[in-house]
Amino acid sequence: MKVKFFNLILLFAIITLSTGCPGASYESDMKKIQNNNMNFPELEKEYYNGITYQISRLFDSDYDDDYVLTDNAETKIIYGIDVNFSVEVFQKEDAELIQYAFDGDIDLINAVHDNYILKRTASLYQPSISIKKPTPKSIKYPGYIQVVSGSQYSYDNEEGSSYFTATLDITGEYYVFQLIGKKANMGYLYDDFIKILSSVEK
């Protein structure tokens, strides 16, 4: 009887250790990033709508898509540090419809990008918006990159989130990439966002 009771306690301890608690995932994910010089580790190739890109295996598929504009998007998340990633494509016809809504002359890529930034800022309380810049030369396709920061609610006392947003013209289709997380954590992830964009191939 004592042996059975001991085995039962041992089994309970093993289950508890193997399942862990929510905090264990955070420590694990953050530790992997810290051990990799504050960079996303374990990169692997992903496929989406005719393109490939490299992204960390820490990301899982995310079924919450309220941070993209269309159904034609791939969304991912690192649960442990609450960082979201998305890539979304706009065909030429979609871009032309967006372009038509703007007054004055604007080309297709700027229409897609500016529309995305406008939609993002409209969803935030007192957002801050960086200057729109051309993507770095390490990225194979022309595009623009911008950062929007802010909170979703006026009563949110936290510093809010940062939305890294880039739009690339990939052979006449317009891909919008986002990396989203708490503003305090995003400073060391900007170069990772650039690495993801630099890995994109058609």
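Positions are given from 1 along the sequence.
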Q: Considering only heavy atoms from C-beta outward, does the side chain of Lys140 approach that of Glu201 to under 4.5 Å?
A: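 The answer is yes; the side chains approach within 4.5 Å.
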Q: Could you tell me the separation between the CD atom of Gln152 and the OG atom of Ser161, rounded to the nearest 0.5 Å?
A: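 Interatomic distance, Gln152 CD to Ser161 OG, rounded to 0.5 Å: 7.0 Å.
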Q: What are the two closest heavy atoms between Thr75 and Ser86, and how far apart are they?
A: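 Heavy atoms only, the tightest pair is CG2-CB, 4.1 Å.
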Q: Answer yes or no: are there more than 12 heavy-atom neighbours, outside Asp66 itself, under 6.0 Å from its atom CG?
A: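 Yes, CG of Asp66 has more than 12 neighbouring heavy atoms, counting only those of other groups under 6.0 Å.
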Q: Apply the side chain to side chain contact (heavy atoms under 4.5 Å, CB included) test between Val83 and each candidate in Leu189, Ile180, Asp29, Leu58; give the one that qualifies.
A: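 The residue from Leu189, Ile180, Asp29, Leu58 that satisfies side chain to side chain contact (heavy atoms under 4.5 Å, CB included) with Val83 turns out to be Leu189.
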Q: Heavy atoms, side chains only, cut-off 4.5 Å: are Leu124 and Ser151 in contact?
A: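 They are not in contact (no side-chain heavy atoms under 4.5 Å apart), so the answer is no.
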Q: Measure across Ser149 and Val147 and return the closest heavy-atom pair with its distance rounded to 0.1 Å.
A: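 Nearest heavy atoms, Ser149 then Val147: OG-CG1, 4.1 Å.
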Q: To the nearest 0.5 Å, tell me how far Tyr163 OH sits from Asn84 CG.
A: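 Nearest 0.5 Å value for the OH-CG distance: 8.5 Å.
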Q: Less than 4.5 Å apart, any side-chain heavy atom of Asn49 and any of Glu74?
A: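 When only atoms from C-beta onward are counted, Glu74 and Asn49 do not touch, as no gap falls below 4.5 Å.
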Q: Which pair of non-hydrogen atoms, one from Lys183 and one from Ser162, has the smallest distance, and what is that distance?
A: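 For Lys183 versus Ser162, the nearest heavy atoms are CG-OG, 3.3 Å.
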Q: Is the distance between the ring centroids of Phe59 and Phe40 less than 6.0 Å?
A: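 Centroid separation for Phe59 and Phe40: below 6.0 Å.
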Q: Tell me whether Asp107 contacts the main-chain N or O of Asn110 through its side chain, where contact means a donor paired with an acceptor under 3.5 Å.
A: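 Side chain of Asp107 to backbone of Asn110, a donor-acceptor pair under 3.5 Å: yes, one is there.
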Q: Relative to each other, are the rings of Tyr48 and Tyr175 parallel, tilted or perpendicular (30° and 60° limits)?
A: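 The arrangement is perpendicular - the two ring planes meet at more than 60°.
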Q: Nearest 0.5 Å, please: how far is OG in Ser56 from CD in Glu46?
A: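 Interatomic distance, Glu46 CD to Ser56 OG, rounded to 0.5 Å: 10.5 Å.
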Q: Heavy atoms, side chains only, cut-off 4.5 Å: are Ile77 and Asp82 in contact?
A: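 When only atoms from C-beta onward are counted, Asp82 and Ile77 do touch, with a gap below 4.5 Å.
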Q: Verify side chain to side chain contact (heavy atoms under 4.5 Å, CB included) between Leu43 and Tyr53, making sure each step is shown before the conclusion.
A: CA-CA 10 Å; Leu43 301 181; Tyr53 60 92; over 6 Å; no
Q: Can you hop from Leu179 to Val89 via hydrophobic side chains spaced under 4.5 Å?
A: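 Same cluster: Leu179 reaches Val89 through Ile, Leu, Val, Met, Phe, Trp or Tyr contacts under 4.5 Å.
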Q: Give, for atom CG of Asp192 and atom CE of Met186, the distance between the pair rounded to the nearest 0.5 Å.
A: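 So the CG of Asp192 and the CE of Met186 are separated by 9.5 Å.
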Q: Membership question, hydrophobic clusters at under 4.5 Å side-chain separation (ILVMFWY): are Ile98 and Leu168 in the same one?
A: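 In one cluster with Leu168: Ile98, no.
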Q: Side chain to side chain contact (heavy atoms under 4.5 Å, CB included) for Ile139 and Val200? Distances and angles first, verdict last.
A: CA-CA 8 Å; Ile139 297 167; Val200 173; over 6 Å; no
Q: Could you go step by step and tell me if Asn115 and Leu69 meet the side chain to side chain contact (heavy atoms under 4.5 Å, CB included) rule?
A: CA-CA 10 Å; Asn115 178 67; Leu69 297 186; 4.0 Å; yes
Q: Would you mind listing the cluster partners of Leu97? Hydrophobic ones only (ILVMFWY), side-chain contacts under 4.5 Å, chaining allowed.
A: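 Once heavy-atom contacts under 4.5 Å are chained together, Leu97 still belongs with nothing else.
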Q: Has Asp105 got more than 12 heavy atoms of other residues, nucleotides or ligands less than 6.0 Å from its CG?
A: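 At most 12 heavy atoms, drawn from other residues, nucleotides or ligands, come within 6.0 Å of this atom.
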Q: Distance from Ile170 atom CD1 to Ile51 atom CD1, nearest 0.5 Å?
A: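 Here the rounded value is 4.5 Å.
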Q: In a check of side chain to side chain donor-acceptor pair (under 3.5 Å) between Gln146 and each of His113, Lys132, Arg120, which one passes?
A: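 By the side chain to side chain donor-acceptor pair (under 3.5 Å) criterion, Gln146 pairs with just one of His113, Lys132, Arg120: His113.
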Q: Assess whether side chain to side chain contact (heavy atoms under 4.5 Å, CB included) is satisfied between Ile106 and Gln99, documenting all intermediate values.
A: CA-CA 7 Å; Ile106 187 170; Gln99 181 188 45; 4.0 Å; yes
Q: Can you see which heavy atom on Pro127 is nearest to which on Val148, and at what distance?
A: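 So the minimum-distance heavy-atom pair works out to CB-CG1, 4.2 Å.
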Q: Taking Glu42 for the side chain and Lys32 for the main chain, is one N or O donor matched with an acceptor at less than 3.5 Å?
A: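 No; zero donor-acceptor contacts below 3.5 Å.
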Q: State, to 0.1 Å, how close Phe193 and Gln178 come at their nearest heavy-atom pair, and which atoms those are.
A: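 Result for this residue pair: CE1-C, 3.9 Å.
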Q: What I'd like to find out is whether the side chain of Ile145 reaches to under 4.5 Å of the side chain of Tyr190, using heavy atoms alone.
A: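 In short, these two side chains touch, coming nearer than 4.5 Å.
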Q: For the residue pair Phe177 and Phe85, categorise the inter-ring angle as parallel (less than 30°), tilted (30 to 60°) or perpendicular (more than 60°).
A: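 Ring orientation, 0 to 90° scale: tilted.
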Q: Any chance the side chains of Asn39 and Asn36 put a donor and an acceptor closer than 3.5 Å?
A: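 Judged by distance alone, the side chains do not pair up.
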Q: Could you tell me whether Asp64 atom CG has more than 12 heavy atoms of other residues or ligands within 6.0 Å of it?
A: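 Check passes, neighbour count above 12.
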Q: Hey, could you give me each pair passing salt bridge (Lys or Arg N to Asp or Glu O under 4.0 Å) that has a residue in residues 165-174? Not counting sequence neighbours.
A: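 Qualifying pairs, neighbours excluded: Glu173-Lys202.
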Q: Which value, rounded to the nearest 0.5 Å, describes the distance between Tyr116 atom OH and Thr165 atom OG1?
A: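 Tyr116 atom OH to Thr165 atom OG1 measures 7.5 Å (nearest 0.5 Å).
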Q: Is Asn72 close to Glu88 at the side-chain level, that is, under 4.5 Å between some pair of heavy atoms?
A: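 No, side chains not in contact.
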Q: Does Tyr174 belong to the same Ile/Leu/Val/Met/Phe/Trp/Tyr cluster as Tyr141, with side-chain heavy atoms less than 4.5 Å apart forming each link?
A: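 Cluster IDs for Tyr174 and Tyr141 differ.
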Q: Which pair of heavy atoms, one from Ala111 and one from Phe102, lies closest together, and at what distance?
A: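 Smallest interatomic distance, heavy atoms only, reads O-CE1, 3.6 Å.
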Q: Quick check on the hydrophobic clustering: are Leu118 and Leu108 connected, directly or via other members, by side-chain heavy-atom contacts under 4.5 Å?
A: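 Yes, it is one cluster - the side chains of Leu118 and Leu108 are joined through contacts under 4.5 Å.
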Q: Are Phe164 and Ile109 connected into the same hydrophobic cluster when the rule is that any two of I, L, V, M, F, W, Y join if their side-chain heavy atoms are below 4.5 Å apart?
A: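 Ile109 and Phe164: separate clusters.
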